Amino acid sequence: MSSSSRWTPSRYVQYGGEEEARGDGQVGYVWTQTPDDLTVTLTLPPDLASLRAKQLAICMKTTHLQVGGAGKVVLEGELQNPINLDQSTWVKEGATLEIILGKGIETKGDEPGQWWPCVIKGHTQIDVKGIEGSKYLDESLLKKIWEKQQEEKAAKANEKKESKASEEEKKDDKGKQ
């Protein structure tokens with residue numbers, strides 16, 4: 001029995017992340033992972049969302065992913081780690097595209113070094129040490145850590161909001177002079 005078959009996720013641990021859309025026409029996506037695979041979910045732009053699934057061009061290679069259709073590429077890059085093509089697939093429902101990437105043998109499991117920090121090299125990374133360490137902590141402690149992280153995120157968002165409001169006030173004051 002492999003370690004991944006005993007694995008159960010904690011609702012207080014971040015197993016994936018969110019990548020924002022890029023200025024080069026690439027769409028944003030959200031992703032998560034288990035010891036066995038990664039799930040990438042993206043919203044297709046209207047011109048691709050209107051296509052039938054068989055009209056999309058989804059190219060999965062061991063170390064590369066490309067998503068597009070109608071002569072347009074909306075997601076492309078070198079994967080963080082190799083995937084198992086036989087265990088990878090995708091499905092389109094309306095404007096939503098879900099891609100399941102089976103982890104390659106080197107990163108399949110829940111041991112240190114097997115969690116992916118990002119899907120595509122160069123994209124936003126998550127803290128895999130938090131995942132690796134979480135299996136040694138009980139759920140109540142994970143909840144406390146998660147709550148503290150949420151408070152810190154809210155404080156940072158509030159600081160940004162206040163800073164932006166302050167900048168707008170200064171612009172308004174200059175405009176009145």
Side-chain angles (χ1 to χ4, degrees), residues 9 13-108 112-132 146 149-150 152-168 170-171:
V13 176
Q14 180 185 6
Y15 296 99
E18 184 172 346
E19 186 68 28
E20 293 189 20
R22 297 173 174 250
D24 58 3
Q26 295 217 15
V27 297
Y29 59 89
V30 294
W31 69 280
T32 190
Q33 65 184 311
T34 70
D36 298 319
D37 57 45
L38 290 93
T39 302
V40 179
T41 306
L42 57 104
T43 301
L44 295 167
D47 55 335
L48 294 185
S50 64
L51 297 176
R52 298 178 71 178
K54 65 182 178 182
Q55 294 173 302
L56 292 175
I58 313 296
C59 180
M60 289 187 267
K61 295 184 179 176
T62 306
T63 59
H64 194 85
L65 174 66
Q66 184 180 50
V67 176
K72 178 179 182 180
V73 175
V74 295
L75 181 63
E76 180 176 27
E78 183 180 353
L79 295 169
Q80 179 66 30
N81 292 300
I83 61 170
N84 180 331
L85 293 172
D86 292 335
Q87 295 178 352
S88 300
T89 189
W90 59 272
V91 64
K92 176 186 181 285
E93 289 186 28
T96 302
L97 179 67
E98 187 172 270
I99 304 166
I100 298 158
L101 303 171
K103 289 183 176 180
I105 193 72
E106 306 83 25
T107 58
K108 194 170 198 167
Q114 295 176 318
W115 294 102
W116 290 33
C118 60
V119 177
I120 295 175
K121 288 183 179 179
H123 285 195
T124 307
Q125 294 194 0
I126 63 165
D127 178 14
V128 293
K129 289 180 182 176
I131 298 172
E132 293 166 355
W146 180 82
Q149 290 171 339
Q150 297 309 304
E152 290 170 356
K153 283 181 186 177
K156 283 182 183 177
N158 204 19
E159 284 177 21
K160 278 185 177 179
K161 191 176 180 181
E162 289 173 1
S163 176
K164 190 174 183 177
S166 176
E167 288 176 19
E168 288 177 8
K170 288 178 185 177
K171 287 179 184 176

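Only this structure's heavy atoms are used, side chains among them; waters, hydrogens and symmetry mates stay out. All residue numbers in this chain count up from 1 along the given sequence. All of these numbers come straight from a predicted model, not from anything done at the bench.
Listed by first then second residue, pairs satisfying salt bridge (charged side-chain N to carboxylate O under 4.0 Å, His left out) with a partner in residues 44-70 read Asp47-Lys72, not counting sequence neighbours. Listed by first and then second residue, the salt bridge (charged side-chain N to carboxylate O under 4.0 Å, His left out) pairs that reach into residues 73-91 are Glu78-Lys121, sequence neighbours excluded.
Every residue meeting the side chain to side chain contact (heavy atoms under 4.5 Å, CB included) condition with Leu85, not counting sequence neighbours, appears here in chain and number order: Met60, Thr62, Ile83. Annotation: side-chain hydrogen bond (donor to acceptor under 3.5 Å, both in side chains) contacts of Trp116 (sequence neighbours excluded): Thr107. A search for salt bridge (Lys or Arg N to Asp or Glu O under 4.0 Å) contacts involving Glu93 returns nothing, not counting sequence neighbours.
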Verdict with supporting geometry, Thr32 and Leu38, side-chain contact (heavy atoms from CB on, under 4.5 Å): CA-CA 6 Å; Thr32 190; Leu38 290 93; over 6 Å; no
Full working for side-chain contact (heavy atoms from CB on, under 4.5 Å) between Val91 and Thr89: CA-CA 7 Å; Val91 64; Thr89 189; over 6 Å; no
Test log, rule side-chain contact (heavy atoms from CB on, under 4.5 Å), inputs Leu56 and Trp90: CA-CA 11 Å; Leu56 292 175; Trp90 59 272; 4.1 Å; yes
Candidate pair Tyr29 and Val119, rule side-chain contact (heavy atoms from CB on, under 4.5 Å), full reasoning: CA-CA 10 Å; Tyr29 59 89; Val119 177; 4.0 Å; yes
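Looking at Lys108 and Gln87, their side chains do bring a donor and an acceptor atom within 3.5 Å of each other.
Rounded to the nearest 0.5 angstrom, Cys118 SG and Asn81 CG are separated by 8.5 Å. With rounding to the nearest 0.5 angstrom, the CG atom of Leu65 is 9.5 Å from the OG atom of Ser88.
Contact of the Ile120 side chain with the Leu75 side chain is registered, since non-hydrogen atoms from C-beta on lie closer than 4.5 Å. Within the 4.5 Å cutoff, no side-chain heavy atoms of Val27 are placed close to those of Leu44.
Of all the heavy atoms in Ile126 and Gly16, the pair that sits closest is CG2-O, 3.1 Å. In this structure, Val73 and Gln66 approach most closely via the heavy-atom pair CG2-NE2, 3.5 Å.
Of the candidates Glu20, Arg22, Gln80, His123 forms a side-chain contact (heavy atoms from CB on, under 4.5 Å) with just one, namely Arg22.
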Side chains of residues 94-106: which donor-acceptor partners sit under 3.5 Å, not counting sequence neighbours?
from   : atom 1 : to     : atom 2 : distance (Å)
Lys103 : NZ     : Gln33  : OE1    : 3.0
Lys103 : NZ     : Thr34  : O      : 2.9
Lys103 : NZ     : Gln114 : O      : 3.3

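Note: Tyr15 and Trp115 meet the aromatic proximity criterion, with ring centroids under 6.0 Å apart.
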